[in-house]
Every structure is written in C-alpha cells, then in structure tokens.
Amino acid sequence: MIPGTAPVGPAELLAAWEAGLALGAAEKSLLLHRAARPGAGTDELLSVPVGEREADLFALRRSLFGERMQVRTECGACGEAMEFDLDAGALGARPAPGPLRVAEDDWVVEFRLPTVSDLAAAGLAGSPAEARRRLVTGCTVRALRGGEPVAVERLAAVLPERVERLIAEKAAEADPTAEVTLNVACPECGEATPAELDITSYLWTELDSWARDLLLDVHLLATAYGWSEPHILALSPLRRRYYLELCTDG
C-alpha cells in the first residue's frame with residue numbers, strides 16, 4: 001500500500017476482482033492501482049509515471065500477499081521449466097523526480113517520464129519506432145537545436161533517431177520499474193533467459209486465486225451458520241479459518 005493510505009478490505013478487493021473479470025490488461029492495471037491508492041481519481045492515476053504505478057502495484061502486492069514472489073518461466077534455449085523466488089521488497093523502485101535532459105551533437109532535449117496515459121496513447125501506434133516517437137514528442141518539455149527552440153510538434157520530423165534512442169535509454173535508466181526484466185540462468189543448460197515480470201498480470205493471478213478461495217469460504221460458512229457475506233467478510237482471516245475448522249470437525 002501507499003504510505004498514508006488506509007488498507008483495502010476484503011469486500012473492496014472482491015468488488016475490484018469482480019469488476020475486472022471481463023476487462024483487458026490496461027483496465028485491470030487501473031483497477032489495481034485504484035486499490036493501491038484508495039480515493040484517487042482516474043485522471044490522477046493516469047497522470048503518474050509508469051514506473052510509479054508499477055511501484056504502487058508492487059507495494060499493494062506486498063501488503064496483500066507478503067514479500068516472497070514465486071516466478072515460473074521456461075528456458076528459451078532448452079525449454080526447461082524454471083521456478084525461483086523473488087523478494088518483492090527489492091523491487092518497485094520509484095522513478096527519479098524532475099525533468100530529464102539529453103544533449104547530443106547540436107541537440108538539447110528536456111523531457112519528463114512517460115505517464116500511464118502516454119503509454120496508452122503510444123500503444124495505438126503502428127510500429128515500435130512510431131510508438132517511441134510518440135512518447136518522445138509527447139513527453140518533451142523543451143527542445144533546442146543549435147541553441148534555437150524547436151516546436152514540439154515538429155520533433156517527429158526533425159529529431160534524429162540516435163537522439164530518440166538516447167532519450168529512451170535515459171528514461172529507462174531513471175524509471176527502472178517501468179519495465180522489470182529478469183535474466184534467469186537455466187539450471188540444466190546454463191543459458192540465460194530474459195523474463196519480463198508484469199506485475200499487473202502476476203498480481204491479478206494471485207488476486208483471482210484469493211477471491212475464488214474466499215468465495216468458497218463464504219459459501220461454506222453461510223451454509224453452516226446462515227451468516228451473510230458482509231458478516232463473513234468482516235471476520236479476520238484467522239477467525240474465518242477457525243470457524244471453517246469447526247465446520248470440518250462437525
């Protein structure tokens with residue numbers, strides 16, 4: 001959770017899970033981010049840097065399911081299934097504040113980190129190169145060529161590709177959580193496989209499993225005691241477990 005925010009209860013998490021079942025990845029990210037920042041509006045959530053959102057989701061994951069993350073992937077060389085643990089506390093670094101600056105040849109470009117809405121807009125581009133160009137032009141604060149200002153709307157046509165790449169590299173360095181890629185060594189063949197850790201997908205999978213288990217608990221306790229769902233969700237996890245054990249013993 002974000003420091004200073006109230007914890008999200010099981011009823012709110014169940015509502016978020018239910019609302020997200022039929023949604024795509026971007027909408028799921030927004031739902032989870034709203035759970036990480038209770039009370040935040042949609043515009044506020046879409047305006048934060050991508051890495052800040054990811055850091056918020058890592059924090060939410062730690063608050064719900066703890067520090068240990070179990071990751072499964074497949075070796076790209078030999079196909080061996082690999083499983084390893086990660087410390088969630090070591091992930092989720094927040095982006096560097098303030099505008100960034102790149103100087104190359106006669107170009108000087110000041111820019112901000114891409115926000116969630118910037119990334120969504122770039123995703124509509126027809127190619128990776130076009131997406132990068134949209135991000136660069138959309139996030140530029142000021143551009144100079146030979147000391148003369150260049151209008152942002154002209155950058156797509158005149159900014160050299162090497163400067164675009166430098167801007168993308170600088171942004172990735174300043175916001176490492178925006179895209180977390182792990183290099184996993186295969187225990188069988190020794191080859192390293194890059195594995196992208198998508199916190200939205202990972203957290204949603206855990207939330208889905210948690211929600212289905214909780215609904216089963218509600219069903220069993222409601223059947224045994226006649227309690228309503230709100231009453232059952234108001235119980236602490238420890239008390240729910242004890243009542244479930246009593247149902248089994250009976």
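Just so it is clear, the structure is predicted and the values come from calculations on it, not from any experiment. One-based numbering along the sequence shown.
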Atom [atom1] of [X] with >12 non-hydrogen neighbours under 6.0 angstrom:
{"X": "Tyr225", "atom1": "OH", "answer": "yes"}
{"X": "Arg165", "atom1": "CZ", "answer": "yes"}
{"X": "Arg154", "atom1": "CZ", "answer": "no"}

Looking only at heavy atoms, which two atoms of [X] and [Y] are closest? And how far apart?
{"X": "Gly66", "Y": "Arg61", "value": "O-NH1, 2.5 Å"}
{"X": "Thr181", "Y": "Pro194", "value": "CG2-CB, 4.1 Å"}
{"X": "Gly20", "Y": "Lys28", "value": "O-NZ, 3.2 Å"}
{"X": "Cys139", "Y": "Pro114", "value": "SG-CA, 3.6 Å"}
{"X": "Thr193", "Y": "Gly76", "value": "OG1-N, 2.9 Å"}
{"X": "Cys78", "Y": "Cys189", "value": "SG-SG, 3.8 Å"}

Mind checking whether [X] and [Y] have side chains closer than 4.5 Å, heavy atoms only?
{"X": "Leu182", "Y": "Val180", "result": "yes"}
{"X": "Pro38", "Y": "Val8", "result": "yes"}
{"X": "Asp208", "Y": "Arg212", "result": "yes"}
{"X": "Gln70", "Y": "Leu86", "result": "no"}
{"X": "Trp227", "Y": "Val218", "result": "no"}
{"X": "Trp107", "Y": "Leu144", "result": "no"}
{"X": "Asp118", "Y": "Arg112", "result": "yes"}

Inset, instruction - With Glu206 as reference, evaluate Trp204, Trp210, Tyr202 under the side-chain contact (heavy atoms from CB on, under 4.5 Å) test and give the passing residue. - result: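 The passing option is Tyr202.
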
Legend entry - Matching residue for Cys247 among Leu221, Leu220, Asp217 - test: side-chain contact (heavy atoms from CB on, under 4.5 Å):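 The single option meeting the side-chain contact (heavy atoms from CB on, under 4.5 Å) with Cys247 is Leu221.
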
Are [Y] and [X] co-members of a hydrophobic cluster defined by side-chain heavy atoms under 4.5 Å apart?
{"X": "Leu100", "Y": "Val102", "answer": "yes"}
{"X": "Val141", "Y": "Val150", "answer": "no"}
{"X": "Leu13", "Y": "Leu32", "answer": "yes"}
{"X": "Phe65", "Y": "Leu233", "answer": "yes"}
{"X": "Leu30", "Y": "Leu21", "answer": "no"}

Report the distance from atom [atom1] of [X] to atom [atom2] of [Y], rounding to the nearest 0.5 Å.
{"X": "Leu14", "Y": "Leu215", "atom1": "CG", "atom2": "CG", "answer": "5.5 Å"}
{"X": "His33", "Y": "Leu57", "atom1": "NE2", "atom2": "CG", "answer": "6.0 Å"}
{"X": "Glu104", "Y": "Ile167", "atom1": "CD", "atom2": "CD1", "answer": "10.5 Å"}
{"X": "Leu214", "Y": "Ile232", "atom1": "CG", "atom2": "CD1", "answer": "9.0 Å"}
{"X": "Asp56", "Y": "Glu52", "atom1": "CG", "atom2": "CD", "answer": "6.0 Å"}
{"X": "Glu161", "Y": "Arg133", "atom1": "CD", "atom2": "CZ", "answer": "7.5 Å"}

Legend entry - Lys/Arg N to Asp/Glu carboxylate O, Asp175 vs Lys170, below 4.0 Å: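 Between Lys170 and Asp175 there is no salt bridge, as every charged N stays at least 4.0 Å from the carboxylate O atoms.
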
Inset, instruction - May I ask you to say whether Arg145 pairs ionically with Asp105, meaning some side-chain N is under 4.0 Å from a carboxylate O? - result: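 No, no charged N to carboxylate O under 4.0 Å.
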
Inset, instruction - Classify the side-chain pair Arg53/Thr115 by whether it contains a donor and acceptor separated by less than 3.5 Å. - result: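 No, because no side-chain N or O of Arg53 sits under 3.5 Å from a partner of the opposite role on Thr115.
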
Inset, instruction - Could you walk me through whether Val152 and Phe111 pass the side chain to side chain contact (heavy atoms under 4.5 Å, CB included) test, one step at a time? - result: CA-CA 11 Å; Val152 172; Phe111 61 99; over 6 Å; no

Inset, instruction - Output, in order, the C-alpha distance, side-chain angles, deciding distance and verdict of side chain to side chain contact (heavy atoms under 4.5 Å, CB included) for Arg37 and Leu60. - result: CA-CA 9 Å; Arg37 290 194 180 192; Leu60 175 63; over 6 Å; no

Inset, instruction - Take Glu188 and Met82 through the test side chain to side chain contact (heavy atoms under 4.5 Å, CB included) and record every step on the way to the result. - result: CA-CA 9 Å; Glu188 289 297 319; Met82 298 184 291; over 6 Å; no

Under the 3.5 angstrom rule, does the side chain of [X] hit a backbone N or O of [Y] as a donor-acceptor pair?
{"X": "Thr137", "Y": "Arg134", "answer": "yes"}
{"X": "Arg240", "Y": "Leu235", "answer": "yes"}
{"X": "Thr177", "Y": "Ala93", "answer": "yes"}
{"X": "Glu67", "Y": "Gly89", "answer": "yes"}
{"X": "Glu18", "Y": "Ala15", "answer": "no"}
{"X": "Arg94", "Y": "Gly51", "answer": "no"}

Legend entry - Derivation and outcome, side chain to side chain contact (heavy atoms under 4.5 Å, CB included), residues Thr140 and Val136: CA-CA 6 Å; Thr140 295; Val136 168; 4.1 Å; yes

